[in-house]
Amino acid sequence: MSSRKFFSLFVLCALVPLAAAWASLRWGWFSAAPTVNHGEWLTQELRLLPAPERGGGRWHLVYVPAAEGEPACAEEGGAGTPPSRCAQALRILQQLHAGLGRKQARVQALVLAVESPVVRARFPHVEWQAAQVGDVEVQGRIVLVDPRGLALLRYAVEPGPQQAQRVAGDIRSDLLRLMNYERSGV
């Protein structure tokens with residue numbers, strides 16, 4: 001085979017897939033695949049927690065209470081009264097952490113608030129850290145934070161028990177997937 005014929009075949013093999021890809025995008029033949037994550041990716045980089053000094057940090061499930069409009073995790077109402085969003089978030093964090101089994105050691109459930117929530121005593125797996133988070137993008141939500149302290153995904157806290165169960169399942173699915181893909185060597 002001559003060098004000219006070889007070069008022509010090489011260019012043809014390179015240009016045909018490029019032209020097909022361009023035509024697919026241009027005329028809308030390509031449909032984006034559905035995403036596999038259930039949470040909402042944060043649009044900007046946000047460091048919620050300090051990075052560990054040495055490698056091997058833990059994943060965090062963080063609840064950031066809303067800055068205004070909701071008391072700091074007030075006691076739940078009586079029978080028939082739905083729990084506050086904060087109490088519901090703490091229940092979700094407690095159940096998620098307890099349900100992780102052997103992976104509990106790699107995950108910490110945490111509340112970032114100015115003052116410790118009153119109802120936190122009923123949730124032994126949930127820890128509290130004094131902090132004021134001014135970013136409205138994460139307030140009133142559960143946030144999945146990687147071992148380096150970067151917030152990745154956020155989840156809305158729903159007051160109803162069925163919605164809370166769905167949110168907990170979504171968080172668990174995303175957390176386990178991210179922990180499996182982690183490359184920290186843990």
Side-chain angles (χ1 to χ4, degrees), residues 21-22 24-53 55-73 83-97 99-100 103 106-115 117 126-160 162-186:
W22 177 82
S24 167
L25 290 174
R26 174 86 166 109
W27 290 304
W29 298 337
F30 173 77
S31 63
T35 60
V36 293
N37 60 298
H38 302 285
E40 184 179 344
W41 289 99
L42 292 169
T43 57
Q44 61 186 355
E45 184 175 305
L46 175 64
R47 186 170 299 280
L48 275 182
L49 301 169
E53 292 179 16
R58 293 163 59 173
W59 287 87
H60 293 86
L61 296 170
V62 178
Y63 176 65
V64 181
E68 40 188 76
E70 180 179 345
C73 279
S84 68
R85 287 188 191 270
C86 181
Q88 190 74 327
L90 293 178
R91 182 176 290 114
I92 290 171
L93 293 179
Q94 172 77 16
Q95 290 174 348
L96 279 170
H97 193 268
L100 285 173
K103 294 188 178 192
R106 296 176 56 194
V107 179
Q108 180 182 19
L110 185 66
V111 175
L112 289 181
V114 176
E115 58 188 43
V126 180
E127 298 178 22
W128 167 69
Q129 186 174 341
Q132 176 69 34
V133 179
D135 194 341
V136 295
E137 197 172 12
V138 296
Q139 288 179 349
R141 301 191 181 242
I142 295 175
V143 182
L144 184 59
V145 179
D146 76 351
R148 294 171 292 154
L150 293 174
L152 299 178
L153 292 164
R154 66 182 180 168
Y155 303 86
V157 179
E158 302 293 335
Q162 289 84 12
Q163 294 91 348
Q165 187 176 17
R166 181 189 47 79
V167 169
D170 291 348
I171 295 171
R172 178 180 167 80
S173 171
D174 289 344
L175 175 64
L176 292 176
R177 183 177 299 111
L178 288 170
M179 287 173 68
N180 286 336
Y181 290 140
E182 181 182 20
R183 296 183 183 204
S184 68
V186 175

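Residue numbers start at 1 and run along the sequence shown. Quantities reported herein were computed from a predicted structural model and do not represent experimental measurements.
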Quick one, V143 with L112, criterion side chain to side chain contact (heavy atoms under 4.5 Å, CB included). Give me CA distance, side-chain angles, the key distance, then yes/no. CA-CA 10 Å; V143 182; L112 289 181; over 6 Å; no
Within this structure, what is the CD1-CG distance for the pair I171 and L176, rounded to the nearest 0.5 Å? 11.5 Å
Here the gap from M179 atom CE to L144 atom CG, rounded to the nearest 0.5 Å, amounts to 10.0 Å
Quick check: does any side chain N or O of R154 sit under 3.5 Å from a backbone N or O of E137, one acting as donor and the other as acceptor? yes
Between the OH atom in Y155 and the CZ atom in R141, the distance rounded to the nearest 0.5 Å is 12.0 Å
Is the number of heavy atoms from other residues, nucleotides or ligands within 6.0 Å of CD (Q165) greater than 12? no
V126 and Y63, any side-chain heavy atoms less than 4.5 Å apart: no
NE2 of H60 to CG of L48: how many Å apart, nearest 0.5 Å? 10.5 Å
Looking only at non-hydrogen atoms, find the nearest pair between L96 and A168 and report the distance. CD2-O, 3.3 Å
Between CG of L152 and CD of E45, what distance do you get to the nearest 0.5 Å? 10.0 Å
Side chain to side chain contact (heavy atoms under 4.5 Å, CB included) between I92 and L61, intermediate numbers included: CA-CA 10 Å; I92 290 171; L61 296 170; over 6 Å; no
For side chain to side chain contact (heavy atoms under 4.5 Å, CB included), just list the numbers for K103 and N180, CA-CA rounded to whole Å, side-chain angles, deciding distance to a tenth of an Å, and then say yes or no. CA-CA 11 Å; K103 294 188 178 192; N180 286 336; 3.3 Å; yes
Please give me the minimum heavy-atom distance between G140 and V157, naming the atom from each residue. O-CG2, 4.0 Å
Scanning both residues in full, the closest heavy-atom pair of E158 with Q163 reads CB-CB, 3.2 Å
Atom of W128, atom of V114 and distance for their closest heavy-atom approach: CZ2-O, 3.5 Å
Taking all atoms of both residues into account, what is the closest heavy-atom pair of A156 and V167, and its distance? O-CG2, 3.6 Å
Candidates E127, H97, R58 - the one meeting side-chain hydrogen bond (donor to acceptor under 3.5 Å, both in side chains) with Q108: E127
Between R47 and R148, is there a donor-acceptor pair closer than 3.5 Å when you use the side chain of the first and the backbone of the second? yes
Do you know which of V145, L100, V107 makes side-chain contact (heavy atoms from CB on, under 4.5 Å) with W59? V107
For D146 and L150, which heavy atoms make the closest approach, and how far apart are they? OD1-N, 2.8 Å
Judged by modelled atom types alone, do Q88 and R91 share a side-chain donor-acceptor pair under 3.5 Å? yes
Using modelled atom types and a 3.5 Å cut-off, is there a donor and acceptor pairing between side-chain atoms of D174 and backbone atoms of H38? yes
